[in-house]
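Reading through the C-alpha cells given below for one structure.
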Protein chains: 4
Amino acid sequence: MNLRSPLMLQIATGDPRPIHRQIVDGVRRLIASGELTLGANLPSVRGLALQLGINPNTVAKAYSELTAEGWLDARAGLGLFVAAPRQRLSDEERARRLDEALTRFVGDVIALDYPAGVVLERVAGELALCLPKKTG
Amino acid sequence: MNLRSPLMLQIATGDPRPIHRQIVDGVRRLIASGELTLGANLPSVRGLALQLGINPNTVAKAYSELTAEGWLDARAGLGLFVAAPRQRLSDEERARRLDEALTRFVGDVIALDYPAGVVLERVAGELALCLPKKTG
Amino acid sequence: MNLRSPLMLQIATGDPRPIHRQIVDGVRRLIASGELTLGANLPSVRGLALQLGINPNTVAKAYSELTAEGWLDARAGLGLFVAAPRQRLSDEERARRLDEALTRFVGDVIALDYPAGVVLERVAGELALCLPKKTG
Amino acid sequence: MNLRSPLMLQIATGDPRPIHRQIVDGVRRLIASGELTLGANLPSVRGLALQLGINPNTVAKAYSELTAEGWLDARAGLGLFVAAPRQRLSDEERARRLDEALTRFVGDVIALDYPAGVVLERVAGELALCLPKKTG
DNA sequence: GTGGTCTAGACCACG
DNA sequence: GTGGTCTAGACCACT
C-alpha cells in the first residue's frame with residue numbers, strides 16, 4: 001500500500017451528519033475494514049481538505065478526534081499514522097455506545113416497517129464489508 | 001393496561017440524542033412492539049413533562065412530530081391517541097431511510113470493535129422485542 | 001436571482017392559519033412554482049424572523065417541518081437549502097391527503113355561496129401559478 | 001321531506017377538525033346542496049348528539065354558530081329551521097375567505113405532486129355535489 | 001382539564 | 001455567523 005494515496009472517502013452533502021463526523025466515521029471504517037493498516041500514512045490536513053473540497057479546519061478537527069480516540073498517531077513533522085490497535089475504550093463505555101447505537105438504529109428502522117429478516121440481512125451485509133478481518 | 005398510565009420511557013442524559021428525539025423513538029417503539037395499541041390514550045403533554053422532569057414544550061414537540069408522521073392523532077381538549085396504521089412513505093423513501101440508518105449504525109458500531117456476530121445478535125434481539133407480530 | 005434575497009412571503013394576521021403554517025405553505029409553494037430551485041439558499045432563521053417581524057423560534061419551527069418533510073436540507077453553520085425532489089409519500093397516503101384537503105376546501109367554500117364556475121377558475125388560476133412545469 | 005329526520009352527517013374521529021366544526025361544515029354543505037331546504041326542521045340538540053354519539057354541548061355550539069352566521073333560525077320551543085337565504089357576509093369578507101381557503105388548499109395540494117388537471121377534476125366533482133342547484 | 005401557538009432568552013455544535 | 005435544543009411563561013380554542 002503506497003503512502004499518501006488519496007483516501008477512499010466521499011463527503012455527501014445530503015448526509016445529515018456534520019462533515020467532520022463523516023470523515024471520522026469513514027476513517028474508522030477504513031481502518032476497521034483493513035484498507036488502512038497499521039502504520040499507514042494518512043493524507044495531510046491540507047491535502048485531504050483539497051481532495052474533499054472542504055475547509056482544512058474541518059479535516060483537522062476530524063483528525064484530532066481520531067487521534068484522541070486512539071485510532072491515529074500524530075508524529076510532529078512527519079504526519080499522521082494508523083495507530084497500533086489497543087483497547088481504546090473501556091468495556092463499560094463500549095457497551096454503553098453499542099446500546100445507544102442499537103436504540104437509535106432500531107428506533108429509526110421500526111418506523112419503516114421492514115420485516116426483521118430483511119433488516120438483519122442488510123446489517124449482516126454491511127458488517128461483512130467492514131469487520132471480516134477481525135472475526136475470521 | 002389502564003389508560004393514561006405512565007409511559008415506559010426514560011430520558012438518558014448521556015444519550016447524544018436530543019430529548020424530544022428520545023421520546024419520538026421511544027413512543028414509535030412502544031407502538032411497533034404492541035405495548036401501545038390502536039386508540040390508546042397517551043399521557044398528556046403536561047403529564048409526561050412532569051413524569052420525565054422536562055419542559056412541556058419539549059414533550060409537545062415530540063408529540064407534534066409523532067402526529068405529523070401519522071403515529072398519533074391529537075384532539076384538543078381530549079388528548080393524544082395511537083392512530084390507525086397506514087403506509088405513509090413510498091418504497092423508495094423507505095429504502096433510502098433504511099440505507100441511511102444502516103450507514104450511521106455501522107459507522108457507529110465499527111469504532112467499538114465488536115465481533116460482527118455479537119452485533120448481529122444484539123440487533124436481532126432488539127428487533128424481536130419490537131416486532132413480535134412480524135416475526136412470531 | 002441572488003441567494004439570500006428576501007423570500008416573497010407575507011404573514012397575514014387575519015389568516016386563521018398559525019404563522020409557522022403560513023411559512024410552510026408559502027415555501028412549499030415557492031418551491032413547487034420554481035421560484036426556489038434545487039440548492040437555493042434560504043434566508044437564515046434569524047433573518048426571516050427579522051423580515052417578518054416574528055420570533056426566530058417560529059421560523060425555526062416552520063423550517064424544521066419543511067426539513068422533516070424533505071423539502072429542505074439544513075446544515076448547521078451553513079444554512080438551509082432546497083433539497084432534491086423525491087417521492088416521499090406512498091400513493092395511498094397522497095390520495096388520502098388529497099381527499100382531506102378537498103373536503104376541507106369544499107366545506108369552507110360552500111359557505112361563501114360562490115358559483116362553482118368562479119371557484120373552479122380561481123383554483124385553476126392558483127394551480128397554474130404554482131405548477132407551471134406540470135401544465136405548460 | 002319529512003321533518004326531524006336524522007341528518008346525513010358523520011363524525012370522523014381521524015378528522016383533525018374539531019367536532020363542532022365538522023357539524024357546521026356538514027350542515028352548511030347540506031343546505032348548499034339543497035338536501036336541507038328553506039324551513040326544514042333540524043334535529044334537536046339532544047337528538048343529534050344522541051345520533052352522533054357526542055356531547056349535546058358540542059351540538060349546541062355548532063347550532064349556535066350556524067345561527068349566528070344566518071344559516072339557521074332558532075324559534076324558542078319549536079326548534080331550529082333552515083333560514084331564508086340572505087347576504088350573510090359582506091362581499092369583502094367573502095372574497096377574503098375564498099382567498100384564504102384557496103391558499104390553504106393549494107398549499108396542501110402542491111405537496112402531493114398531482115397534475116393540475118387531476119386536482120381540478122376532483123374539485124369540480126366535489127363542487128358539483130354541493131352547488132349545482134345554485135348555478136344551474 | 002386538553003393540545004397548540006407564540007414569545008423571550010439561553011446554550012450548544014458547526015463552519 | 002449558522003441551525004438546533006431547551007426552558008419559562010403566556011394565551012388561545014376545544015371538551
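Note on naming: letters A, B, ... go to the chains in the order of the sequence lines (proteins, then strands), and numbering restarts at 1 for each one.
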Item to check | Out of E:dG3, F:dT2, F:dT5, whichever nucleotide has its closest atom nearest the side chain of C:A76 | outcome: F:dT2

Checklist entry - Out of F:dC6, F:dG4, E:dG3, which nucleotide sits closest to the side chain of B:H20? => result F:dC6

Item to check | Along DNA chain E (nearest heavy atom to each residue), the more 5'-positioned of B:G77 and C:G53 | outcome: B:G77

Item to check | A:L102 vs B:F105, side chain to side chain contact (heavy atoms under 4.5 Å, CB included): CA-CA, chis, key distance, verdict | outcome: CA-CA 7 Å; A:L102 271 171; B:F105 176 66; 4.1 Å; yes

Checklist entry - Looking for any heavy atom pair under 4.0 Å, which part of the strands does A:I19 touch: base, sugar-phosphate only, or nothing? => result sugar-phosphate

Item to check | Smallest separation among heavy atoms of C:G70 and C:A83, with atom names | outcome: O-CB, 3.5 Å

Checklist entry - What closest approach, in Å, do C:V45 and C:P56 show between heavy atoms, and which atom pair accounts for it? => result CG1-O, 3.4 Å

Next on the checklist: Quick check on salt bridge (Lys or Arg N to Asp or Glu O under 4.0 Å): which of B:R28, B:R104, B:R97 does A:D108 satisfy it with?
Outcome noted: B:R28

Calculate the interatomic distance between [X] atom [atom1] and [N] atom [atom2]; express it in whole Å.
X: B:R46; N: E:dG1; atom1: CZ; atom2: C1'; result: 8 Å
X: C:N55; N: F:dG4; atom1: CG; atom2: P; result: 15 Å
X: B:L50; N: E:dG3; atom1: CG; atom2: C1'; result: 17 Å
X: C:Q22; N: E:dT5; atom1: CD; atom2: C1'; result: 12 Å
X: B:D73; N: E:dG4; atom1: CG; atom2: P; result: 11 Å
X: C:I54; N: E:dA8; atom1: CD1; atom2: P; result: 11 Å
X: B:L80; N: F:dC14; atom1: CG; atom2: P; result: 17 Å
X: C:N57; N: E:dA8; atom1: CG; atom2: P; result: 10 Å

Checklist entry - Would you say A:T58 reaches E:dC14's phosphate, i.e. side-chain N/O to OP1/OP2 under 4.0 Å? => result no

Item to check | Contact under 4.0 Å: D:K61 side-chain N or O vs F:dC14 OP1/OP2 | outcome: yes

Item to check | Of C:S64 and D:E65, the one whose closest DNA chain F nucleotide lies more 5' | outcome: C:S64

Item to check | D:V24 backbone acceptor or donor facing D:E65 side chain under 3.5 Å | outcome: no

Next on the checklist: My understanding is that a pair needs two contacts under 3.5 Å, Watson-Crick or G-U wobble. By that rule, which nucleotide pairs with F:dA8?
Outcome noted: E:dT7

Next on the checklist: Could you tell me the Watson-Crick or G-U partner of F:dG1, where both distances fall under 3.5 Å? Say none if there is no partner.
Outcome noted: E:dC14

